[in-house]
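One structure is given below, encoded as structure tokens.
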2 protein chains.
Amino acid sequence: MKTHQGYVPGITVDITVFTIKDGALHVLLIERASPPYKKHLALPGGFLFFHETAEGAARRILKDKAGVKNIYLEQLYSFDSVDRDPRGRIISISFFALVAEDAVEVTEGRTTESPRWHRVSALSKLAFDHARIVAYAEKRIASKLEYTNAAYALLPRFFSLGQLHAMYEAALSKKIDKRNFIKKFLSLKLIRPTKKILSGLRQRPARLYEFVSRKPTELKKFF
Amino acid sequence: MKTHQGYVPGITVDITVFTIKDGALHVLLIERASPPYKKHLALPGGFLFFHETAEGAARRILKDKAGVKNIYLEQLYSFDSVDRDPRGRIISISFFALVAEDAVEVTEGRTTESPRWHRVSALSKLAFDHARIVAYAEKRIASKLEYTNAAYALLPRFFSLGQLHAMYEAALSKKIDKRNFIKKFLSLKLIRPTKKILSGLRQRPARLYEFVSRKPTELKKFF
DNA sequence: CCAAAAGTGTTGACTGTACACCCATGT
DNA sequence: ACATGGGTGTACAGTCAACACTTTTGG
């Protein structure tokens, strides 16, 4: 096989990164500094190098733009409408990612193109077909939380059952009965109690739990 | 946007077409006439034109190579290992398809490259990373049959409950209790009885059913 | 003592699963 | 008459859903 340099033409990678912040689902967006769609909000993304996979490119882009660590990342869908990019025929291999809020270095400085969190329920117009991509990713988050242990990526290493519960309510945008939820979740054996106790708040201290495994794992059935 | 002619470089489309035949899951494969992987079995596929979407290319290829009609088709995954194709950096946008056996014109003539059905449980080595693609598609068939009405694509327009049951057992490769299966399936209201009766066999005649809708539909829960 | 979240069980409804026999027809 | 798949019901077990009060701490 021949060796190449530079970028693969005609293919980009775009990543929809979700987190839970202030009790609501947020997505990471940049503001485009150059045309097309200058000043529009867009998903972080870019072209891929000849020597890297699409997932590799996604991880590189997230690391460079946002210093992300401990991310849950998987391929989402390839968007390929003929006219989705005014520059020509460009196909986007999109990715779906979950992170804890504090795993992203959101530089609040005025660097344009620096990523920031945006509430999914109140997005302005996005560049390209990125609104469609985000909508597609939103559909996936529920199934990931319901059929896998992906929740570990949205939470700190140690967390209380209350945090876990609040996170599910925010991500699925619905009320969930706390007793039933905790009963069900504990029966799955995905998490275990630790000896840590979170105190210092003006309330009863909470026992902290951790995920038994912080690797992607599929379940038969969840809840 | 500029107009282009010819093929998009660096991207192919490959389709995993499944059917149920002789009580077992089969996949449609061609024998490659030219290198690389000459004489190996491979998924039907090809490059896409500048003016068509990947799904459009998939439908065109299936129509040209196998005269397929009434197909259930959806994007599966994009395979992008750096070394998956000896000709260079070529990414495959793969598709997943379900058809009734008789919806494909399998020309039994000796034309090489003409598609034929192969039992999934006994595949020989495939070209490229097509074995991985087929394995990935196999994982999807169960969820499609369990969470959507995709079964319509694997059956003739009118079918007996016995055929439906046998088809599910073949596709999921497991025994399913017939009474429970039928009870559950009927409760979903996806199918309705017709006035047609299948007789002429040396057995009790069967009432024929049809799908209420033959468009892809998602269900909350299936079975 | 007050505010705030932690923590904890029971009951009734529903759903899934296991299981076996008679029926209608063609040969 | 027999071989073949068609067609049907019940009982038990397990899971889901609804529901509210007491506890522990910090201020």
Side-chain angles (χ1 to χ4, degrees), chain A residues 20 22-24 142-143 145-147 151 155-156 158-170 172-210 219-223, chain B residues 20-24 142-143 145-147 151 155-156 158-210 219-223:
Chain A
I20 305 296
D22 307 330
S143 62
L145 290 179
E146 288 174 359
Y147 297 110
L155 291 169
F158 300 99
F159 52 89
S160 70
L161 296 178
Q163 280 176 279
L164 179 68
H165 173 244
M167 188 275 281
Y168 265 80
E169 286 197 332
L172 307 182
S173 327
K174 67 177 183 193
K175 279 257 167 266
I176 302 171
D177 180 88
K178 189 169 148 198
R179 279 167 295 184
N180 292 337
F181 173 82
I182 289 173
K183 212 185 312 169
K184 183 71 191 297
F185 210 98
L186 289 175
S187 77
L188 298 171
K189 306 285 182 194
L190 288 177
I191 59 174
R192 63 170 162 239
T194 68
K195 296 211 174 75
K196 297 182 197 292
I197 302 284
L198 178 67
S199 54
L201 282 58
R202 46 187 274 174
Q203 69 199 225
R204 175 169 171 180
R207 156 141 277 128
L208 296 183
Y209 288 72
E210 66 178 340
L219 310 201
K220 291 267 179 283
K221 236 182 179 182
F222 214 102
F223 73 93
Chain B
I20 305 295
K21 180 171 130 85
D22 309 329
S143 62
L145 290 179
E146 288 174 358
Y147 297 108
L155 290 170
F158 300 99
F159 53 88
S160 69
L161 296 177
Q163 280 176 280
L164 178 68
H165 173 244
M167 188 275 281
Y168 265 80
E169 286 197 331
L172 307 181
S173 327
K174 67 177 182 191
K175 278 256 167 266
I176 302 172
D177 181 89
K178 189 170 149 198
R179 279 168 295 184
N180 293 336
F181 172 82
I182 289 174
K183 212 185 314 169
K184 183 71 191 296
F185 210 97
L186 289 174
S187 77
L188 298 171
K189 305 285 182 196
L190 289 177
I191 59 173
R192 62 170 161 241
T194 68
K195 297 211 175 75
K196 297 183 196 293
I197 302 282
L198 178 67
S199 55
L201 283 58
R202 47 188 270 170
Q203 69 202 226
R204 176 172 171 180
R207 156 140 279 129
L208 296 183
Y209 288 73
E210 66 178 342
L219 310 201
K220 292 265 180 288
K221 237 182 178 182
F222 214 102
F223 74 92

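In what follows, every chain begins at residue 1, and chains take the letters A, B, ... in the order their sequences are listed. Bear in mind that the values here come from a model prediction, so they are computed numbers and not experimental data.
- A/F159 places its CZ atom 13 Å from the P atom of C/dA6, with the value rounded to the nearest Å.
- Rounded to an integer number of Å, the gap from A/I176 CD1 to D/dA18 P is 12 Å.
- Here the side chains of B/H165 and B/I176 are in contact, with some heavy-atom distance below 4.5 Å.
- Sequence order on DNA chain D of the closest nucleotides to B/K178 and A/Q203 puts B/K178 first from the 5' end.
- Rounding to whole angstrom units, CZ of residue A/F185 and C1' of D/dC16 are separated by 17 Å.
- In the set D/dG7, C/dG9, D/dG9, the nucleotide with an atom closest to the side chain of A/R179 is C/dG9.
- Between the CZ atom of A/R202 and the C1' atom of C/dC2 there is a distance of 8 Å, given to the nearest Å.
- As a whole-Å value, the separation of A/L198 CG from D/dG26 C1' is 13 Å.
- Here the nucleotide nearest the side chain of B/R204, chosen from D/dG7, C/dA6, D/dT25, is D/dG7.
- Mapping A/N180 and A/S160 onto DNA chain C via the closest heavy atom, the residue that lands nearer the 5' end is A/S160.
- The CZ-C1' distance, from A/R207 to D/dT25, rounds to 15 Å in whole Å.
- Salt bridge annotation for A/K174-A/E169: absent, with no cationic side-chain nitrogen under 4.0 angstrom from a carboxylate oxygen.
- Mapping B/K183 and A/Y209 onto DNA chain C via the closest heavy atom, the residue that lands nearer the 5' end is A/Y209.
- When the C1' atom of D/dC16 is taken as reference, atom CG of A/L186 falls 16 Å away, rounded to whole Å.
- Contacts of A/L201 with the nucleic acid, taken as non-hydrogen atoms under 4.0 Å apart, involve only primed sugar atoms and P, OP1 or OP2.
- When the P atom of D/dG7 is taken as reference, atom CD of B/Q163 falls 11 Å away, rounded to whole Å.
- The side chain of B/D177 approaches C/dC19 more closely than any other nucleotide in the set D/dC19, C/dA5, C/dC19.
- The aromatic rings of A/F185 and A/Y168 sit perpendicular, their planes meeting at an angle over 60°, well past the 30° parallel limit.
- Of all non-hydrogen atoms in B/P205 and B/I197, the two that sit nearest each other are CB-CG2, 3.5 Å.
- Side chains of B/F158 and B/L198 form no contact here, defined as non-hydrogen atoms less than 4.5 Å apart.
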